[in-house]
There are 2 protein chains.
Amino acid sequence: MAAFVVSNLINVRYLTGFTGSNAAVLIDAEDPGLDRICTDGRYLTQVARQVPDLEAVIERNCPPALIEQARSAGRTRIGFESDTMTVAAHHGLSERFADAGIELIGISGLVQELRAVKDAHEIALLRAACAIGDAALARIIADGVIRAGATEREVARALEWAMYRLGADGIAFETIVAAGANSAVPHHRPTDAALADGDLVKIDFGAVYAGYHSDMTRTLVLNRAADWQRELYELVATAQAAGRAALRPGADLRAVDAAARDVIDAAGHGERYVHGLGHGVGLEIHEAPGIGKLAAGTLPCGAAVTVEPGVYLPGCGGVRIEDTLVVTDGEPDLLTATDKTFTVI
Amino acid sequence: MAAFVVSNLINVRYLTGFTGSNAAVLIDAEDPGLDRICTDGRYLTQVARQVPDLEAVIERNCPPALIEQARSAGRTRIGFESDTMTVAAHHGLSERFADAGIELIGISGLVQELRAVKDAHEIALLRAACAIGDAALARIIADGVIRAGATEREVARALEWAMYRLGADGIAFETIVAAGANSAVPHHRPTDAALADGDLVKIDFGAVYAGYHSDMTRTLVLNRAADWQRELYELVATAQAAGRAALRPGADLRAVDAAARDVIDAAGHGERYVHGLGHGVGLEIHEAPGIGKLAAGTLPCGAAVTVEPGVYLPGCGGVRIEDTLVVTDGEPDLLTATDKTFTVI
């Protein structure tokens with residue numbers, strides 16, 4: 001007689017809709033009547049509102065409280081999320097339940113695998129999040145925010161403010177605005193450095209809408225472009241198109257990564273492309289499946305993923321181009337619609 | 001011969017200043033020359049800039065890479081952070097290093113305990129973060145943002161925007177603006193509900209400045225106050241003052257919690273105060289020490305903590321009053337300066 005305790009908060013949200021900061025869910029293998037959600041007293045009202053269909057256990061430390069529920073119903077084999085539970089928390093559970101005849105069984109990535117395939121409702125929310133990103137970038141470009149003299153921080157804040165005004169619930173991750181040599185730092189944090197004519201300006205950002213994240217990168221050039229910038233851009237754009245074209249249901253994840261990487265390798269810039277091609281996106285900004293050189297497995301139909309190759313020339317500048325797409329039976333569904341042609345702004 | 005692998009990213013930042021999203025640090029018990037930081041290729045430039053004094057190992061999966069470094073230097077006993085490392089990650093390390101004669105030793109809360117005591121530089125950053133919060137709230141009040149007809153979301157966004165304009169690097173946590181009956185939900189998320197005359201308006205928010213978080217809650221009444229609102233406010237204010245007065249070096253954490261809780265219990269509202277008194281604040285919004293009924297230990301001098309009792313009357317409204325303070329040899333140092341007298345706005 002087995003049950004499963006889900007303690008990863010994103011998985012809890014996925015399964016129940018609960019958005020509090022402390023929770024776990026008990027899923028019984030045989031009797032749905034034993035299913036429970038646990039959270040603490042701060043969320044008494046919220047859990048009743050968000051999860052009316054599950055009986056709530058109100059305790060601070062949820063996994064032991066739920067295991068106790070399962071034990072009292074005669075369950076002896078209890079699965080737990082070994083990719084979420086810490087060694088210390090597991091040690092505590094082992095000490096508490098060892099004498100009660102409970103066997104704890106580590107399970108990894110199960111709910112994450114379910115989450116990798118989006119249903120129509122989730123795709124609609126991702127599409128809305130991506131549309132906010134597109135509209136926000138268009139807005140700040142129309143408003144002349146991206147100009148020589150503006151600081152990276154100012155551009156980042158204006159973009160975030162535009163996303164909020166367009167209905168975002170939050171910012172998907174720390175917005176990256178990286179100008180000039182800073183664009184060669186893949187995950188640069190915006191500084192008070194001012195944008196200057198001739199700079200590559202790399203902007204990587206996203207919105208959260210109803211819990212779902214968008215993710216897009218565009219790289220522009222300010223006022224006048226050098227040949228090396230144009231060539232670098234065309235190389236990355238070609239690689240990115242190859243990566244997008246490789247998004248087919250059942251495709252080997254490493255083969256998808258290679259489709260884009262081979263283009264950059266062939267141009268002699270393989271060493272300057274220091275990350276994977278992309279990642280799943282949904283309730284988390286980074287989720288399954290990861291698309292990289294060391295990825296294992298294949299791309300499921302319905303996966304929402306980014307395709308984001310980049311080439312970074314230290315001291316000079318870098319280009320990254322990133323879209324969010326959904327894998328379908330036909331062409332991948334492009335959720336980020338902002339133009340990708342080389343743009344001098 | 002022992003070494004310690006720190007894989008909690010906040011602890012890594014505390015020890016080294018590195019702010020990337022993937023890293024770990026190796027600290028040798030005897031030879032500082034063996035100390036290393038590990039991160040992946042995305043952060044090659046950043047790690048050199050932020051951590052010039054430590055040799056960097058560039059690998060995707062940092063803990064095994066650092067244990068390998070320690071092993072090759074003859075270390076056999078390797079500490080790891082058992083309150084950060086997942087059961088699955090630990091299982092992977094055990095499998096990889098079992099035959100290499102490596103003993104993995106779980107260590108919990110060690111760096112967090114160091115972090116609980118702030119030095120003068122950290123206190124200055126916390127003070128700056130709190131000052132941004134004070135000024136932002138004053139700004140939106142002066143601008144008439146908190147008015148009947150405004151939505152919770154609009155108030156939250158205006159407050160966040162004000163913090164950014166005042167120099168915040170980020171928002172400390174999801175801003176809470178809860179009006180009317182929503183104020184009875186301790187961790188309410190702002191909705192499109194409009195503020196109305198006679199509403200309690202609970203605002204819990206903070207800024208991030210150079211990595212350090214501020215945390216403050218104020219509860220106001222819109223236009224006209226009822227007697228029950230005034231009485232509830234005075235009760236919570238009295239409890240909060242008692243909690244602040246109990247902040248002494250060496251004080252038992254449960255006694256600090258009780259100092260405020262006893263006031264609310266005596267008024268018959270103990271059941272409506274559903275959370276602890278406060279928490280440490282620093283590089284994380286919630287860190288050691290926790291101040292609650294089940295807390296263990298004492299308050300160190302130099303701890304930065306919140307004091308935030310609340311009483312929540314479901315369906316009617318709630319009041320929470322929260323400050324961030326630093327424990328000193330004398331009076332606690334109040335970092336959040338916004339007035340706490342009952343305010344009808």
Side-chain angles (χ1 to χ4, degrees), chain A residues 19-22 40-46 48-49 58 60-61 80-91 104 106-109 153 156-157 160-161 164-165 167-171 173-174 181-182 184-190 271 273-276 286 292-294 310 312 314-315 318, chain B residues 19-22 40-46 48-49 58 60-61 80-91 104 106-109 153 156-157 160-161 164-165 167-171 173-174 181-182 184-190 271-276 286 292-294 310 312 314-315:
Chain A
T19 57
S21 69
N22 178 30
D40 65 69
R42 293 174 297 170
Y43 297 107
L44 203 56
T45 310
Q46 183 174 326
R49 192 189 286 178
I58 304 300
R60 190 86 200 171
N61 195 353
F80 70 93
E81 295 190 294
S82 62
D83 48 0
T84 293
M85 186 168 291
T86 66
V87 171
H90 181 257
H91 183 71
L104 297 170
I107 293 170
S108 177
R153 273 174 188 264
R157 292 298 92 80
E160 292 172 352
W161 187 237
Y164 276 127
R165 288 176 61 98
D169 297 320
I171 302 306
F173 53 91
E174 202 171 2
N182 289 340
V185 180
H187 282 234
H188 176 72
R189 316 179 87 187
E271 294 286 304
Y273 171 26
V274 293
H275 52 73
H286 292 117
K293 277 194 282 195
L294 304 176
Y312 312 94
Chain B
T19 58
S21 67
N22 177 32
D40 64 69
R42 292 173 298 169
Y43 296 106
L44 202 56
T45 310
Q46 184 175 326
R49 191 189 287 178
I58 304 299
R60 190 85 200 174
N61 193 353
F80 70 93
E81 296 190 295
S82 62
D83 49 0
T84 293
M85 187 169 291
T86 66
V87 171
H90 181 257
H91 182 72
L104 296 171
I107 292 169
S108 177
R153 273 173 187 264
R157 292 298 94 78
E160 292 172 352
W161 187 236
Y164 276 128
R165 287 177 62 99
D169 297 320
I171 302 305
F173 53 91
E174 201 172 0
N182 289 340
V185 181
H187 280 233
H188 177 73
R189 317 178 87 186
E271 293 285 305
R272 304 303 190 190
Y273 171 25
V274 292
H275 53 72
H286 293 117
K293 278 194 282 195
L294 303 176
Y312 312 94

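Sequence lines set the chain letters: A, B, ... in the order given, protein chains first and strands last, and positions in each chain run from 1. Only heavy atoms go into these numbers, but all of them, side chains included; no hydrogens, no water, no symmetry mates.
Of the atoms belonging to Asn61(A), not a single heavy atom falls under 4.5 Å from chain B. Contacts between Ala181(A) and chain B at a heavy-atom distance below 4.5 Å are absent for every atom of the residue. Contacts of Arg49(A) with chain B are made by side-chain atoms alone, with heavy-atom separations under 4.5 Å and no backbone atom involved. Heavy-atom distances place no part of Ala48(B) under 4.5 Å from chain A, backbone and side chain included. Looking at Thr45(A), the atoms closer than 4.5 Å to chain B (heavy atoms on both sides) all sit in the side chain, from C-beta outward.
Your options are Asp40(B), Asp169(B), Ile58(B), and the one with the most heavy-atom pairs under 4.5 Å with chain A is Asp169(B). Most heavy-atom pairs under 4.5 Å with chain B, from the set Arg165(A), Gln46(A), Arg153(A): that is Arg153(A). Interface summary for chain B: among His188(A), Met85(A), His275(A), the most heavy-atom pairs under 4.5 angstrom belong to Met85(A). Ranked by heavy-atom pairs shorter than 4.5 Å toward chain B, the options Arg157(A), His187(A), Arg60(A) are led by Arg157(A).
Side-chain atoms of Val185(A) and Arg42(B), non-hydrogen and from C-beta on, never get closer than 4.5 Å to each other. Between Tyr164(B) and Glu160(A), the closest side-chain pair of non-hydrogen atoms falls below 4.5 Å. In this structure the side chain of Phe80(B) reaches within 4.5 angstrom of the side chain of Val87(A), judged on heavy atoms. Looking at Thr19(B) and Arg189(A), their side chains come closer than 4.5 Å, going by heavy atoms from C-beta outward.
Heavy atoms from other residues, nucleotides or ligands lying under 6.0 Å from NE2 of His91(A) number 12 at most.
When all heavy atoms of Thr86(A) and Ser82(B) are compared, the closest pair comes out as CB-O, 3.3 Å.
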